[in-house]
Amino acid sequence: MAPGPVKVEPFDLVVFGGTGDLAFRKLYPALLHREMGDQFSEPTRIIGASRRPLDRDAFQASVKEAVAKSLPQPPDADRLERFLNRLDYVAVDVGAEKGWEALKAKLGPDDRTRAYYLATGPDLFVPVAKHLGSEGLATPRSRIIVEKPIGRDGAGAAAINNAIGAVFPETAIFRIDHYLGKESVQNLMALRFANTLLEPIWNNAHIDHVQITVAETLGVEQRGPYYEQAGALRDMVQNHMLQLLCLVAMEPPFSLQADSLRDEKLKVLKSLVPINADNAAASTVRGQYRAGFSEGGAAASYLQDIGKEASDTETFVALRIGVANWRWAGVPFYLRTGKRLPERFSEISVSFRPVPHAIFESDSKGIPANRLIIRVQPDEGIKLWLMIKEPGPGAMRLQHVPLDMSFAKTFHKPTADAYERLLMDAIRGNPALFMRRDEVEAAWRFIDPIRDAWSRSNEPPRPYAAGSWGPAAAIALIERDGRTWNEEHE
Ligand code: BG6
(Lines give C-alpha, C1' and ligand atoms only; values in the text may rest on other atoms or scores of the structure.)
Protein backbone atom coordinates (compact mmCIF):
# COMPACT_ATOMS: atom_id res chain seq x y z
CA MET A 1 0.00 0.00 0.00
CA ALA A 2 1.23 3.50 -0.79
CA PRO A 3 2.42 5.39 2.29
CA GLY A 4 0.11 8.16 3.52
CA PRO A 5 1.17 11.77 3.94
CA VAL A 6 3.99 12.34 6.40
CA LYS A 7 2.95 14.20 9.56
CA VAL A 8 4.28 17.70 10.04
CA GLU A 9 5.76 18.90 13.32
CA PRO A 10 3.46 21.03 15.52
CA PHE A 11 3.25 24.62 14.25
CA ASP A 12 1.48 27.93 14.64
CA LEU A 13 0.13 29.42 11.44
CA VAL A 14 -0.91 33.07 11.56
CA VAL A 15 -3.08 34.12 8.62
CA PHE A 16 -3.01 37.89 8.06
CA GLY A 17 -6.07 38.76 5.99
CA GLY A 18 -7.60 35.96 8.04
CA THR A 19 -11.19 37.00 7.30
CA GLY A 20 -10.57 37.65 3.61
CA ASP A 21 -11.63 35.89 0.46
CA LEU A 22 -8.42 33.92 -0.10
CA ALA A 23 -8.38 32.64 3.48
CA PHE A 24 -12.00 31.47 3.44
CA ARG A 25 -12.07 30.15 -0.10
CA LYS A 26 -8.67 28.48 -0.29
CA LEU A 27 -6.60 28.38 2.90
CA TYR A 28 -9.05 27.08 5.51
CA PRO A 29 -10.52 24.41 3.22
CA ALA A 30 -6.98 23.29 2.32
CA LEU A 31 -6.02 23.11 6.00
CA LEU A 32 -9.21 21.22 6.82
CA HIS A 33 -8.34 18.65 4.14
CA ARG A 34 -4.93 18.14 5.69
CA GLU A 35 -6.69 17.63 9.02
CA MET A 36 -8.87 15.01 7.36
CA GLY A 37 -5.64 13.41 6.18
CA ASP A 38 -4.37 13.35 9.81
CA GLN A 39 -1.32 15.32 8.87
CA PHE A 40 -1.07 17.63 11.87
CA SER A 41 0.69 16.85 15.15
CA GLU A 42 -0.35 18.25 18.50
CA PRO A 43 -0.46 21.03 19.45
CA THR A 44 -0.98 22.84 16.15
CA ARG A 45 -2.76 26.19 15.99
CA ILE A 46 -4.17 28.31 13.18
CA ILE A 47 -4.63 31.94 14.13
CA GLY A 48 -6.64 34.31 11.96
CA ALA A 49 -5.53 37.94 12.12
CA SER A 50 -7.31 40.87 10.56
CA ARG A 51 -8.73 44.28 11.42
CA ARG A 52 -12.22 43.05 12.23
CA PRO A 53 -13.02 42.76 15.93
CA LEU A 54 -14.15 39.16 16.30
CA ASP A 55 -14.02 36.68 19.13
CA ARG A 56 -12.77 33.15 18.83
CA ASP A 57 -16.24 31.56 18.72
CA ALA A 58 -17.45 33.88 15.99
CA PHE A 59 -14.29 33.23 13.96
CA GLN A 60 -14.67 29.46 14.34
CA ALA A 61 -18.31 29.71 13.30
CA SER A 62 -17.50 31.69 10.17
CA VAL A 63 -14.71 29.28 9.18
CA LYS A 64 -17.06 26.35 9.79
CA GLU A 65 -19.61 27.88 7.48
CA ALA A 66 -16.99 28.62 4.83
CA VAL A 67 -15.48 25.12 4.79
CA ALA A 68 -18.82 23.31 4.91
CA LYS A 69 -18.88 22.86 1.14
CA SER A 70 -15.54 21.12 1.09
CA LEU A 71 -16.42 18.56 3.76
CA PRO A 72 -16.63 14.88 2.84
CA GLN A 73 -20.05 13.25 2.66
CA PRO A 74 -21.00 12.21 5.30
CA PRO A 75 -18.98 14.78 7.25
CA ASP A 76 -16.28 13.48 9.54
CA ALA A 77 -17.54 15.26 12.66
CA ASP A 78 -14.59 14.33 14.94
CA ARG A 79 -11.96 15.66 12.61
CA LEU A 80 -13.98 18.79 11.89
CA GLU A 81 -14.25 19.42 15.61
CA ARG A 82 -10.52 18.87 16.04
CA PHE A 83 -9.86 21.35 13.23
CA LEU A 84 -12.17 24.03 14.62
CA ASN A 85 -10.55 23.70 18.03
CA ARG A 86 -7.23 24.63 16.51
CA LEU A 87 -8.60 27.97 15.34
CA ASP A 88 -8.03 31.16 17.22
CA TYR A 89 -8.32 34.80 16.29
CA VAL A 90 -6.64 38.08 17.06
CA ALA A 91 -7.61 41.54 15.78
CA VAL A 92 -4.54 43.26 14.32
CA ASP A 93 -4.82 46.62 12.62
CA VAL A 94 -1.58 47.05 10.73
CA GLY A 95 -2.26 50.69 9.74
CA ALA A 96 -3.24 51.78 13.22
CA GLU A 97 -0.47 49.66 14.76
CA LYS A 98 -2.90 47.86 17.03
CA GLY A 99 -3.08 44.28 18.14
CA TRP A 100 0.59 43.27 17.97
CA GLU A 101 0.89 42.82 21.73
CA ALA A 102 -2.16 40.60 21.72
CA LEU A 103 -0.69 38.53 18.89
CA LYS A 104 2.60 38.23 20.73
CA ALA A 105 0.85 37.12 23.89
CA LYS A 106 -1.17 34.56 21.96
CA LEU A 107 1.87 33.10 20.26
CA GLY A 108 3.76 32.72 23.54
CA PRO A 109 7.29 31.36 23.79
CA ASP A 110 9.51 31.07 20.75
CA ASP A 111 9.86 27.30 20.77
CA ARG A 112 8.38 26.00 17.57
CA THR A 113 7.70 26.53 13.90
CA ARG A 114 5.72 29.61 13.07
CA ALA A 115 4.41 30.55 9.68
CA TYR A 116 3.02 33.98 8.88
CA TYR A 117 0.79 33.85 5.83
CA LEU A 118 0.19 37.25 4.22
CA ALA A 119 -3.17 36.69 2.54
CA THR A 120 -3.54 40.44 2.29
CA GLY A 121 -3.26 43.02 -0.45
CA PRO A 122 0.37 43.60 -1.52
CA ASP A 123 0.35 47.06 0.07
CA LEU A 124 0.45 45.37 3.49
CA PHE A 125 3.41 43.06 2.78
CA VAL A 126 6.02 45.59 3.81
CA PRO A 127 4.29 46.98 6.94
CA VAL A 128 3.44 43.50 8.22
CA ALA A 129 6.98 42.25 7.65
CA LYS A 130 8.42 45.31 9.39
CA HIS A 131 6.15 44.85 12.39
CA LEU A 132 7.00 41.17 12.64
CA GLY A 133 10.63 42.29 12.85
CA SER A 134 10.20 45.14 15.28
CA GLU A 135 7.86 43.18 17.57
CA GLY A 136 10.40 40.37 17.83
CA LEU A 137 8.04 37.95 16.12
CA ALA A 138 10.47 36.89 13.38
CA THR A 139 11.92 34.07 15.47
CA PRO A 140 14.59 31.70 14.11
CA ARG A 141 11.97 29.06 13.35
CA SER A 142 9.60 31.46 11.61
CA ARG A 143 8.75 31.66 7.96
CA ILE A 144 6.78 34.17 5.99
CA ILE A 145 4.50 33.18 3.11
CA VAL A 146 3.54 35.84 0.58
CA GLU A 147 0.97 35.69 -2.15
CA LYS A 148 1.47 37.03 -5.62
CA PRO A 149 1.56 39.65 -7.01
CA ILE A 150 4.90 40.69 -5.56
CA GLY A 151 4.82 44.33 -6.65
CA ARG A 152 3.37 45.99 -9.74
CA ASP A 153 6.68 46.02 -11.58
CA GLY A 154 10.31 45.10 -11.13
CA ALA A 155 11.13 48.09 -8.96
CA GLY A 156 8.12 47.48 -6.71
CA ALA A 157 9.01 43.79 -6.39
CA ALA A 158 12.60 44.65 -5.45
CA ALA A 159 11.36 47.08 -2.78
CA ILE A 160 9.08 44.42 -1.26
CA ASN A 161 11.81 41.80 -1.46
CA ASN A 162 14.26 44.18 0.24
CA ALA A 163 11.84 45.01 3.05
CA ILE A 164 10.92 41.38 3.73
CA GLY A 165 14.55 40.36 3.28
CA ALA A 166 15.60 42.81 6.00
CA VAL A 167 13.54 40.79 8.49
CA PHE A 168 13.62 37.20 7.20
CA PRO A 169 16.43 35.30 5.47
CA GLU A 170 15.67 34.20 1.89
CA THR A 171 15.36 30.57 3.10
CA ALA A 172 12.44 31.64 5.33
CA ILE A 173 10.56 33.52 2.57
CA PHE A 174 7.98 31.49 0.68
CA ARG A 175 6.58 33.29 -2.37
CA ILE A 176 3.51 31.41 -3.50
CA ASP A 177 2.58 30.76 -7.07
CA HIS A 178 -0.25 28.32 -6.57
CA TYR A 179 0.15 26.92 -10.09
CA LEU A 180 3.35 25.24 -8.91
CA GLY A 181 1.31 23.25 -6.40
CA LYS A 182 -1.12 21.90 -8.96
CA GLU A 183 -0.98 18.15 -9.44
CA SER A 184 -0.61 18.24 -13.20
CA VAL A 185 2.11 20.87 -13.01
CA GLN A 186 4.04 18.52 -10.73
CA ASN A 187 3.33 15.81 -13.21
CA LEU A 188 4.96 17.78 -15.95
CA MET A 189 8.23 17.27 -14.09
CA ALA A 190 7.54 13.56 -13.64
CA LEU A 191 6.65 13.27 -17.31
CA ARG A 192 9.82 14.99 -18.45
CA PHE A 193 12.34 13.63 -15.95
CA ALA A 194 11.02 10.23 -14.87
CA ASN A 195 10.72 8.95 -18.44
CA THR A 196 13.38 8.53 -21.09
CA LEU A 197 10.98 8.76 -23.99
CA LEU A 198 10.54 12.50 -24.24
CA GLU A 199 13.89 14.03 -23.40
CA PRO A 200 15.65 13.15 -26.70
CA ILE A 201 12.89 14.84 -28.70
CA TRP A 202 12.27 17.74 -26.33
CA ASN A 203 13.98 20.35 -28.48
CA ASN A 204 13.77 22.43 -31.62
CA ALA A 205 14.73 19.51 -33.86
CA HIS A 206 11.44 17.79 -33.04
CA ILE A 207 9.11 20.35 -31.51
CA ASP A 208 7.43 22.87 -33.78
CA HIS A 209 5.86 25.10 -31.14
CA VAL A 210 4.29 25.16 -27.67
CA GLN A 211 0.96 26.67 -26.61
CA ILE A 212 0.00 27.50 -23.06
CA THR A 213 -3.61 28.47 -22.43
CA VAL A 214 -5.23 29.45 -19.14
CA ALA A 215 -8.85 30.23 -19.95
CA GLU A 216 -11.42 31.32 -17.40
CA THR A 217 -15.17 31.77 -17.79
CA LEU A 218 -15.52 34.06 -14.78
CA GLY A 219 -15.19 37.82 -15.00
CA VAL A 220 -13.41 39.84 -12.36
CA GLU A 221 -16.13 39.15 -9.76
CA GLN A 222 -15.58 41.01 -6.48
CA ARG A 223 -11.94 41.73 -7.24
CA GLY A 224 -12.49 44.76 -9.49
CA PRO A 225 -10.34 47.25 -7.52
CA TYR A 226 -7.39 44.84 -7.40
CA TYR A 227 -7.80 43.71 -11.00
CA GLU A 228 -8.09 47.22 -12.38
CA GLN A 229 -4.61 47.90 -10.99
CA ALA A 230 -3.22 44.60 -12.21
CA GLY A 231 -4.62 43.40 -15.55
CA ALA A 232 -4.06 39.96 -17.04
CA LEU A 233 -0.36 40.46 -17.79
CA ARG A 234 0.50 41.07 -14.13
CA ASP A 235 -2.20 38.84 -12.68
CA MET A 236 -1.55 35.70 -14.72
CA VAL A 237 1.41 35.98 -17.10
CA GLN A 238 4.13 37.40 -14.84
CA ASN A 239 3.71 34.45 -12.50
CA HIS A 240 1.56 31.41 -13.38
CA MET A 241 2.10 31.35 -17.12
CA LEU A 242 5.82 32.12 -17.09
CA GLN A 243 6.27 29.44 -14.45
CA LEU A 244 4.52 26.92 -16.70
CA LEU A 245 6.72 28.01 -19.59
CA CYS A 246 9.80 27.53 -17.40
CA LEU A 247 8.82 23.99 -16.46
CA VAL A 248 8.34 23.08 -20.10
CA ALA A 249 11.54 24.75 -21.30
CA MET A 250 14.04 24.24 -18.48
CA GLU A 251 17.03 21.91 -18.66
CA PRO A 252 16.89 18.84 -16.42
CA PRO A 253 17.85 20.01 -12.92
CA PHE A 254 20.54 17.88 -11.28
CA SER A 255 18.16 17.08 -8.41
CA LEU A 256 14.78 18.06 -7.03
CA GLN A 257 16.57 20.14 -4.45
CA ALA A 258 14.99 23.61 -4.37
CA ASP A 259 17.87 25.65 -5.71
CA SER A 260 18.72 23.19 -8.43
CA LEU A 261 15.18 23.50 -9.76
CA ARG A 262 15.01 27.24 -9.35
CA ASP A 263 18.40 27.79 -11.00
CA GLU A 264 17.11 26.06 -14.12
CA LYS A 265 13.88 28.07 -14.18
CA LEU A 266 15.84 31.27 -13.75
CA LYS A 267 17.99 30.42 -16.80
CA VAL A 268 14.84 30.13 -18.90
CA LEU A 269 13.54 33.49 -17.68
CA LYS A 270 16.86 35.05 -18.60
CA SER A 271 16.71 33.47 -22.07
CA LEU A 272 13.33 34.94 -23.03
CA VAL A 273 13.60 37.13 -26.12
CA PRO A 274 12.63 40.62 -24.95
CA ILE A 275 9.35 42.08 -26.13
CA ASN A 276 9.46 45.86 -26.26
CA ALA A 277 8.27 48.80 -28.35
CA ASP A 278 10.05 47.35 -31.44
CA ASN A 279 8.15 44.06 -31.54
CA ALA A 280 5.17 44.37 -29.16
CA ALA A 281 2.70 45.02 -31.96
CA ALA A 282 3.67 41.77 -33.69
CA SER A 283 4.13 39.65 -30.57
CA THR A 284 1.32 40.69 -28.21
CA VAL A 285 -2.42 41.14 -28.22
CA ARG A 286 -4.38 42.54 -25.33
CA GLY A 287 -8.12 42.61 -25.00
CA GLN A 288 -10.93 43.64 -22.70
CA TYR A 289 -14.29 41.91 -22.51
CA ARG A 290 -17.49 43.61 -23.54
CA ALA A 291 -20.98 42.41 -22.70
CA GLY A 292 -21.87 39.00 -24.09
CA PHE A 293 -22.86 35.52 -22.96
CA SER A 294 -21.07 33.41 -20.46
CA GLU A 295 -21.87 30.34 -18.40
CA GLY A 296 -25.31 30.09 -19.96
CA GLY A 297 -26.44 33.64 -19.34
CA ALA A 298 -25.94 37.27 -20.24
CA ALA A 299 -22.65 38.68 -18.99
CA ALA A 300 -21.82 42.30 -18.29
CA SER A 301 -18.81 44.08 -19.75
CA TYR A 302 -15.61 44.61 -17.79
CA LEU A 303 -16.45 48.30 -17.42
CA GLN A 304 -19.86 47.44 -15.99
CA ASP A 305 -18.24 44.90 -13.67
CA ILE A 306 -15.87 47.50 -12.25
CA GLY A 307 -18.37 50.36 -12.40
CA LYS A 308 -16.21 52.69 -14.50
CA GLU A 309 -16.71 54.49 -17.79
CA ALA A 310 -13.27 53.85 -19.19
CA SER A 311 -10.31 51.64 -18.47
CA ASP A 312 -7.20 50.45 -20.29
CA THR A 313 -6.84 47.35 -18.15
CA GLU A 314 -6.56 44.16 -20.18
CA THR A 315 -8.60 41.08 -19.27
CA PHE A 316 -7.04 39.03 -22.08
CA VAL A 317 -3.48 38.63 -23.29
CA ALA A 318 -1.90 36.59 -26.06
CA LEU A 319 1.86 36.54 -26.50
CA ARG A 320 4.35 35.01 -28.87
CA ILE A 321 7.54 34.40 -26.92
CA GLY A 322 10.92 33.17 -28.10
CA VAL A 323 13.42 31.35 -25.90
CA ALA A 324 16.92 32.17 -27.07
CA ASN A 325 19.01 29.10 -26.30
CA TRP A 326 20.25 26.01 -28.15
CA ARG A 327 17.30 23.86 -27.17
CA TRP A 328 14.52 26.26 -28.12
CA ALA A 329 15.82 28.69 -30.74
CA GLY A 330 13.16 28.96 -33.45
CA VAL A 331 10.37 27.37 -31.37
CA PRO A 332 7.68 29.92 -30.51
CA PHE A 333 5.82 29.66 -27.22
CA TYR A 334 2.30 31.04 -27.65
CA LEU A 335 0.62 32.04 -24.40
CA ARG A 336 -2.96 33.18 -23.96
CA THR A 337 -5.09 33.83 -20.95
CA GLY A 338 -8.32 35.68 -20.39
CA LYS A 339 -11.42 36.17 -18.33
CA ARG A 340 -14.90 35.55 -19.74
CA LEU A 341 -13.73 33.03 -22.32
CA PRO A 342 -16.07 30.24 -23.43
CA GLU A 343 -14.57 27.47 -21.27
CA ARG A 344 -12.56 27.11 -18.10
CA PHE A 345 -9.48 25.11 -18.89
CA SER A 346 -5.73 25.32 -18.61
CA GLU A 347 -3.42 23.27 -20.74
CA ILE A 348 0.02 23.03 -22.22
CA SER A 349 0.08 21.80 -25.78
CA VAL A 350 3.36 20.68 -27.33
CA SER A 351 3.19 20.31 -31.11
CA PHE A 352 5.79 18.16 -32.76
CA ARG A 353 7.08 18.68 -36.27
CA PRO A 354 5.12 17.17 -39.17
CA VAL A 355 6.25 13.94 -40.80
CA PRO A 356 9.09 14.70 -43.20
CA HIS A 357 7.81 12.65 -46.14
CA ALA A 358 4.38 11.51 -47.29
CA ILE A 359 3.81 7.85 -48.09
CA PHE A 360 0.05 7.87 -47.63
CA GLU A 361 -2.46 9.09 -50.16
CA SER A 362 -3.02 12.35 -48.41
CA ASP A 363 0.15 14.41 -48.58
CA SER A 364 2.26 14.96 -45.50
CA LYS A 365 0.83 18.42 -44.97
CA GLY A 366 -2.58 16.83 -44.53
CA ILE A 367 -1.33 14.65 -41.68
CA PRO A 368 -1.79 16.48 -38.41
CA ALA A 369 1.38 16.63 -36.37
CA ASN A 370 1.67 14.73 -33.10
CA ARG A 371 0.67 16.75 -30.12
CA LEU A 372 1.21 16.20 -26.42
CA ILE A 373 -1.37 17.86 -24.22
CA ILE A 374 -0.81 18.32 -20.54
CA ARG A 375 -4.18 19.20 -19.12
CA VAL A 376 -3.69 21.29 -16.01
CA GLN A 377 -7.40 21.66 -15.16
CA PRO A 378 -10.12 20.57 -15.02
CA ASP A 379 -9.94 16.80 -15.76
CA GLU A 380 -6.20 16.71 -15.14
CA GLY A 381 -4.37 14.33 -17.40
CA ILE A 382 -2.12 13.76 -20.35
CA LYS A 383 -3.08 13.13 -23.96
CA LEU A 384 -0.77 12.19 -26.76
CA TRP A 385 -2.38 12.72 -30.15
CA LEU A 386 -1.14 10.19 -32.70
CA MET A 387 -2.10 9.15 -36.22
CA ILE A 388 -3.49 5.67 -36.60
CA LYS A 389 -5.18 3.73 -39.36
CA GLU A 390 -8.93 3.67 -39.23
CA PRO A 391 -9.95 -0.03 -38.89
CA GLY A 392 -11.51 -1.72 -41.90
CA PRO A 393 -10.74 -2.91 -45.40
CA GLY A 394 -10.14 -0.68 -48.36
CA ALA A 395 -8.02 2.41 -48.55
CA MET A 396 -5.57 3.38 -45.84
CA ARG A 397 -7.57 6.01 -43.97
CA LEU A 398 -5.75 7.79 -41.18
CA GLN A 399 -7.19 9.25 -38.04
CA HIS A 400 -5.86 11.57 -35.37
CA VAL A 401 -6.69 9.97 -32.01
CA PRO A 402 -5.44 10.52 -28.48
CA LEU A 403 -3.71 8.15 -26.11
CA ASP A 404 -5.60 9.45 -23.16
CA MET A 405 -4.60 9.27 -19.51
CA SER A 406 -7.02 10.94 -17.16
CA PHE A 407 -5.56 11.11 -13.66
CA ALA A 408 -8.99 10.74 -12.05
CA LYS A 409 -9.69 7.52 -14.00
CA THR A 410 -6.19 6.15 -13.51
CA PHE A 411 -5.81 6.85 -9.82
CA HIS A 412 -9.45 6.78 -8.70
CA LYS A 413 -8.98 9.62 -6.31
CA PRO A 414 -9.59 13.34 -6.51
CA THR A 415 -6.55 15.56 -6.85
CA ALA A 416 -5.59 17.68 -3.86
CA ASP A 417 -5.86 21.44 -4.10
CA ALA A 418 -2.57 23.22 -4.78
CA TYR A 419 -2.77 25.08 -1.47
CA GLU A 420 -2.75 21.83 0.52
CA ARG A 421 0.63 20.86 -0.82
CA LEU A 422 2.08 24.38 -0.69
CA LEU A 423 1.00 25.06 2.90
CA MET A 424 2.52 21.82 4.12
CA ASP A 425 5.73 22.45 2.16
CA ALA A 426 6.05 25.92 3.69
CA ILE A 427 5.51 24.56 7.20
CA ARG A 428 8.15 21.89 6.57
CA GLY A 429 10.48 24.53 5.18
CA ASN A 430 10.75 23.05 1.69
CA PRO A 431 10.99 25.96 -0.78
CA ALA A 432 11.23 23.95 -4.03
CA LEU A 433 7.75 24.93 -5.21
CA PHE A 434 8.06 28.58 -4.25
CA MET A 435 9.59 31.41 -6.24
CA ARG A 436 13.01 32.65 -5.33
CA ARG A 437 13.63 36.38 -5.27
CA ASP A 438 15.72 36.39 -8.45
CA GLU A 439 13.05 34.45 -10.36
CA VAL A 440 10.34 36.96 -9.47
CA GLU A 441 12.55 39.86 -10.47
CA ALA A 442 13.65 38.19 -13.72
CA ALA A 443 10.00 37.61 -14.62
CA TRP A 444 9.31 41.33 -14.09
CA ARG A 445 12.28 42.21 -16.28
CA PHE A 446 10.49 40.42 -19.11
CA ILE A 447 7.06 41.89 -18.30
CA ASP A 448 7.93 45.55 -17.64
CA PRO A 449 9.00 46.41 -21.24
CA ILE A 450 5.74 44.91 -22.55
CA ARG A 451 3.74 47.21 -20.29
CA ASP A 452 5.91 50.15 -21.33
CA ALA A 453 5.38 49.38 -25.00
CA TRP A 454 1.62 49.16 -24.49
CA SER A 455 1.39 52.43 -22.65
CA ARG A 456 3.56 54.18 -25.22
CA SER A 457 1.47 52.86 -28.13
CA ASN A 458 -1.58 54.63 -26.72
CA GLU A 459 -3.79 51.92 -28.17
CA PRO A 460 -6.58 50.69 -25.93
CA PRO A 461 -7.08 46.96 -25.40
CA ARG A 462 -9.05 45.35 -28.23
CA PRO A 463 -12.66 44.55 -27.40
CA TYR A 464 -13.98 40.99 -27.35
CA ALA A 465 -17.43 39.72 -26.49
CA ALA A 466 -17.77 37.87 -23.19
CA GLY A 467 -17.98 34.20 -24.09
CA SER A 468 -15.70 34.46 -27.15
CA TRP A 469 -12.07 33.36 -27.51
CA GLY A 470 -10.72 36.89 -27.22
CA PRO A 471 -10.00 39.47 -29.91
CA ALA A 472 -9.66 38.27 -33.50
CA ALA A 473 -6.10 39.60 -33.41
CA ALA A 474 -5.19 36.76 -31.02
CA ILE A 475 -6.14 34.26 -33.69
CA ALA A 476 -4.22 36.28 -36.28
CA LEU A 477 -1.17 36.28 -33.95
CA ILE A 478 -0.72 32.53 -34.31
CA GLU A 479 -2.21 32.13 -37.80
CA ARG A 480 0.30 34.56 -39.26
CA ASP A 481 2.86 31.88 -38.43
CA GLY A 482 0.80 29.20 -40.20
CA ARG A 483 -0.39 27.63 -36.92
CA THR A 484 -3.68 27.53 -35.02
CA TRP A 485 -4.69 27.45 -31.37
CA ASN A 486 -5.40 23.91 -30.33
CA GLU A 487 -9.09 23.16 -30.52
CA GLU A 488 -8.93 19.48 -29.60
CA HIS A 489 -9.13 20.12 -25.91
CA GLU A 490 -12.29 18.25 -24.88
C1 BG6 B 1 -5.06 33.92 -9.45
C2 BG6 B 1 -5.49 35.15 -10.18
O3 BG6 B 1 -3.71 33.99 -9.13
O4 BG6 B 1 -5.30 32.78 -10.23
C5 BG6 B 1 -6.96 35.06 -10.57
O6 BG6 B 1 -5.28 36.29 -9.38
C7 BG6 B 1 -7.25 33.79 -11.31
O8 BG6 B 1 -7.36 36.18 -11.34
C9 BG6 B 1 -6.68 32.59 -10.55
O10 BG6 B 1 -8.64 33.65 -11.47
C11 BG6 B 1 -6.78 31.32 -11.38
O12 BG6 B 1 -6.45 30.24 -10.56
P13 BG6 B 1 -7.03 28.80 -10.84
O14 BG6 B 1 -6.35 27.92 -9.85
O15 BG6 B 1 -8.52 28.89 -10.66
O16 BG6 B 1 -6.68 28.49 -12.25
Side-chain angles (χ1 to χ4, degrees), residues 179 185 188-189 191-193 195-214 237-238 240-253 264-276 278-285 317-337 346-357 364-365 367-376 382-387 400 439 442-443 445-447 449-450 474-489:
Y179 266 59
V185 175
L188 177 56
M189 285 196 278
L191 187 69
R192 284 196 59 196
F193 305 127
N195 296 291
T196 50
L197 204 64
L198 290 175
E199 195 47 30
I201 54 169
W202 207 252
N203 53 47
N204 50 10
H206 301 278
I207 291 179
D208 176 72
H209 75 281
V210 176
Q211 299 179 16
I212 303 178
T213 299
V214 176
V237 181
Q238 189 270 346
H240 307 324
M241 299 197 74
L242 287 185
Q243 287 290 322
L244 294 180
L245 185 157
C246 284
L247 293 174
V248 174
M250 72 185 183
E251 294 301 312
E264 296 306 335
K265 287 193 289 159
L266 179 64
K267 285 186 209 160
V268 176
L269 290 167
K270 288 181 171 172
S271 316
L272 301 181
V273 179
I275 299 180
N276 50 36
D278 297 338
N279 56 355
S283 305
T284 73
V285 173
V317 191
L319 300 173
R320 180 189 195 278
I321 301 180
V323 182
N325 61 24
W326 270 54
R327 191 188 279 267
W328 296 113
V331 178
F333 284 68
Y334 300 96
L335 271 52
R336 67 175 167 166
T337 182
S346 304
E347 70 172 30
I348 299 165
S349 158
V350 179
S351 288
F352 292 88
R353 291 196 179 282
V355 291
H357 168 68
S364 66
K365 286 203 188 97
I367 298 182
N370 298 142
R371 230 181 241 253
L372 175 69
I373 308 282
I374 297 130
R375 175 82 164 196
V376 177
I382 293 168
K383 273 188 194 172
L384 179 61
W385 286 85
L386 300 169
M387 294 305 290
H400 202 208
E439 275 183 272
R445 275 197 293 282
F446 176 70
I447 294 295
I450 302 179
I475 297 170
L477 174 86
I478 190 166
E479 294 199 341
R480 270 201 302 276
D481 295 346
R483 302 178 175 110
T484 52
W485 293 109
N486 177 33
E487 284 171 356
E488 293 171 318
H489 48 73

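Values below: every heavy atom of this structure, side chains too, minus hydrogens, waters and symmetry copies.
Atoms CG and CG, from L198 and L191 in turn, are 5.0 Å apart once rounded to the nearest 0.5 Å. For the atom pair OG of S271 and CE of M250, the computed distance is 13.0 Å after rounding to the nearest 0.5 Å. In this structure, N486 CG and I348 CD1 are separated by 12.5 Å, a value rounded to the nearest 0.5 Å. Rounding to the nearest 0.5 Å gives a distance of 5.0 Å between CG of L319 and CD1 of I275. The distance from the CG atom of L335 to the CD1 atom of I321 is 4.5 Å, given to the nearest 0.5 Å. Rounded to the nearest 0.5 Å, atoms CG (L269) and CZ (F446) are 9.5 Å apart.
Taking all atoms of both residues into account, the shortest heavy-atom contact from A249 to W328 is O-NE1, 2.9 Å. The minimum heavy-atom distance linking C246 with K265 is given by the pair SG-O, 3.6 Å. Here the closest non-hydrogen pair linking F352 and D208 is O-CB, 3.8 Å. Across every non-hydrogen atom of A443 and Q238, the tightest pair is CB-O, 3.5 Å. Nearest heavy atom pair, residue W485 against residue A318, reads CZ2-CB, 4.3 Å. Here the closest heavy-atom approach between residue N204 and residue A329 is recorded as ND2-O, 3.0 Å.
Considering only heavy atoms from C-beta on, I382 comes within 4.5 Å of L372 through its side chain. Contact of the H240 side chain with the S346 side chain is not registered, since no non-hydrogen atoms from C-beta on lie closer than 4.5 Å. Under the 4.5 Å side-chain criterion, counting only non-hydrogen atoms from C-beta, I450 is not in contact with V237. By the 4.5 Å heavy-atom criterion applied to side chains, R353 and H206 are not counted as neighbours. At least one side-chain heavy atom of W202 sits less than 4.5 Å from a side-chain heavy atom of V350. V248 has its side chain out of reach of I374: every pair of non-hydrogen atoms, C-beta onward, lies at least 4.5 Å apart. Between V355 and M387, the closest side-chain pair of non-hydrogen atoms is not below 4.5 Å. Between E264 and K267, some side-chain heavy-atom pair lies under the 4.5 Å cut-off.
Of the possible polar contacts, one joining the N279 side chain to the P274 backbone as a donor-acceptor pair under 3.5 Å is found. At distances below 3.5 Å, at least one donor-acceptor pair connects side-chain atoms of N203 with backbone N or O atoms of A205. Between the side chain of R336 and the backbone N or O of V285 there is no donor-acceptor pair closer than 3.5 Å.
In this structure, a donor-acceptor pair under 3.5 Å is absent between the side chains of N325 and E251. Side-chain contact annotation: R320 with S283, donor-acceptor N/O pair under 3.5 Å absent.
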Evaluate the criterion side chain to side chain contact (heavy atoms under 4.5 Å, CB included) for residue pair Q211 and I478; output intermediate values, then yes/no. CA-CA 10 Å; Q211 299 179 16; I478 190 166; 3.6 Å; yes
Carefully, step by step, assess T284 and V317 under the rule side chain to side chain contact (heavy atoms under 4.5 Å, CB included). CA-CA 7 Å; T284 73; V317 191; 5.6 Å; no
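Under 4.0 Å is where a charged nitrogen must lie from a carboxylate oxygen, and between E199 and R327 at least one such pair does.
Not counting sequence neighbours, the partners of H400 by the ring pair (Phe, Tyr, Trp, His ring centres under 6.0 Å) test are W385.
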